[in-house]
Amino acid sequence: MSAPRRTLAVIVPCHNETENVVPFYESAKPVLERLPIDWSLVFVNDASTDDTLDKILALRQKDPRVKLATLSRNFGYHAALVAGLANADADLYAIVDVDGEDPPALLETFHAAVAKGAHTVYGIRSERPEPAWLVFLRWLFYWINRKIADGPIRLWMAEFSMFTRTVRDYILANKTTFPFLRAELAYVGLRMEGVPYARRPRLRGNSHYNVFSMAKFAVAGFLASSTFPLRASLYL
């Protein structure tokens with residue numbers, strides 16, 4: 001008797017992404033069907049106020065491999081990822097944004113690396129279509145984070161990734177109320193591989209990130225990877 005095929009759950013967080021749900025599905029489906037694995041797309045509706053939920057439900061009617069977790073309020077991007085991971089049962093997990101900035105075609109490369117023994121394969125955002133001042137602020141974030149971190153920091157690491165169930169279980173075991181997935185992936189350790197890629201512009205709709213939300217994101221990164229802020233406040 002042949003061994004059962006491995007399974008892959010692709011976690012796709014969504015907040016007011018009505019224009020992107022169907023195009024994302026149509027671009028991801030042929031990629032996933034080329035993989036020698038049974039897959040599901042787990043959309044996590046983070047309390048969208050448009051018809052994102054209706055679009056996901058319509059896809060689920062046509063394709064039972066489309067799964068849905070919908071949240072009671074807007075918990076935020078990283079909390080939505082944790083909810084998706086907690087509610088999907090698979091051998092492998094992947095995280096992809098729905099807005100088209102991360103190419104689903106790269107999942108084939110991720111899967112090949114995992115098949116060769118990597119526990120986590122992640123995208124390295126080598127190029128981004130954004131102004132120079134924002135590139136500098138991102139560089140500054142990584143420089144500070146690397147200086148104060150309690151453990152190793154993976155530079156330019158994206159949440160766009162694929163990892164084993166072992167890594168997923170360690171992430172969920174943290175039970176933090178302030179999750180920051182890229183730091184938690186790096187903290188788990190095991191064998192990690194980075195794959196450089198050029199991040200594309202958002203295909204449709206407007207970004208949910210502004211200067212304030214990016215600052216909040218940076219603070220989450222510092223707190224998730226270092227006890228230095230807590231120690232510094234006590235020293236003062």
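Please read all numbers here as calculations on a predicted model, not as lab measurements.
- Geometrically, R168 does not engage Y170 in a cation-pi contact defined by less than 6.0 Å to the ring centre and at most 45° from the axis.
- For the residue pair N45 and S48, a side-chain donor N or O sits within less than 3.5 Å of a side-chain acceptor on the partner.
- One finds the CE atom of M162 at 5.0 Å from the CG atom of L8 (value rounded to the nearest 0.5 Å).
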Apply side chain to side chain contact (heavy atoms under 4.5 Å, CB included) to L53 and L68, showing your working.
CA-CA 9 Å; L53 178 58; L68 169 66; 3.5 Å; yes
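- Listed here is the closest heavy atom pair of A28 and P104: CA-CB, 3.9 Å.
- Between the OG atom in S161 and the CG atom in D102 there is a gap of 9.5 Å [rounded to 0.5 Å].
- Nearest heavy-atom pair across A94 and L107 is CB-CD2, 4.0 Å.
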Would you sort out whether E193 and T120 count as a side chain to side chain contact (heavy atoms under 4.5 Å, CB included), showing the intermediate values?
CA-CA 6 Å; E193 292 187 17; T120 300; over 6 Å; no
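- Each of I56, D63, L57 was compared with R60 under the side-chain contact (heavy atoms from CB on, under 4.5 Å) criterion, and only L57 meets it.
- The two residues S27 and V31 come nearest to each other via the heavy atoms O-CG2, 3.6 Å.
- Rounding to the nearest 0.5 Å places NZ of K67 at 10.5 Å from CG of L41.
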Does L92 form a side chain to side chain contact (heavy atoms under 4.5 Å, CB included) with V114? I'd like the steps, not just the answer.
CA-CA 9 Å; L92 300 176; V114 171; 3.7 Å; yes
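- Considering all non-hydrogen atoms of both residues, V12 and V98 come closest at CG1-CB, 3.6 Å.
- Here F160 and F110 bring their ring centres to under 6.0 angstrom of each other.
- For R73 (side chain) and A47 (main-chain N/O), no donor-acceptor pair under 3.5 Å exists by modelled atom type.
- Rounding to the nearest 0.5 Å places CZ of R34 at 12.0 Å from CH2 of W39.
- Using modelled atom types, one finds no donor on one side chain facing an acceptor on the other under 3.5 Å when comparing D91 with T164.
- Of all the heavy atoms in P13 and V96, the pair that sits closest is CD-O, 3.6 Å.
- Nearest heavy-atom pair, G84 versus V44, reported as atom, atom and distance to 0.1 Å: CA-CG2, 3.7 Å.
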Could you walk me through whether V21 and F43 satisfy the side chain to side chain contact (heavy atoms under 4.5 Å, CB included) test, starting with their C-alpha distance in whole Å, then the side-chain angles of each, then the deciding distance to 0.1 Å, before giving a yes or no?
CA-CA 9 Å; V21 168; F43 288 93; 4.3 Å; yes
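- Atom CG of D89 and atom OG1 of T7 lie 6.5 Å apart (nearest 0.5 Å).
- Dense packing is recorded around CD of E33, with more than 12 heavy atoms of other residues, nucleotides or ligands lying under 6.0 Å away.
- A side-chain donor-acceptor contact under 3.5 Å links T18 and D51.
- The aromatic rings of Y93 and F163 lie parallel to each other, with less than 30° between the two planes, well short of the 60° mark.
- The pair R65-D38 does not meet the salt-bridge criterion, since no charged nitrogen lies less than 4.0 angstrom from a carboxylate oxygen.
- Annotation: side chain of Y77 is not in contact with side chain of D46 (no heavy-atom distance under 4.5 Å).
- Taking NE2 from H15 and CG from L71, the interatomic distance works out to 11.0 Å, rounded to the nearest 0.5 Å.
- Annotation: side chain of K55 is not in contact with side chain of Y25 (no heavy-atom distance under 4.5 Å).
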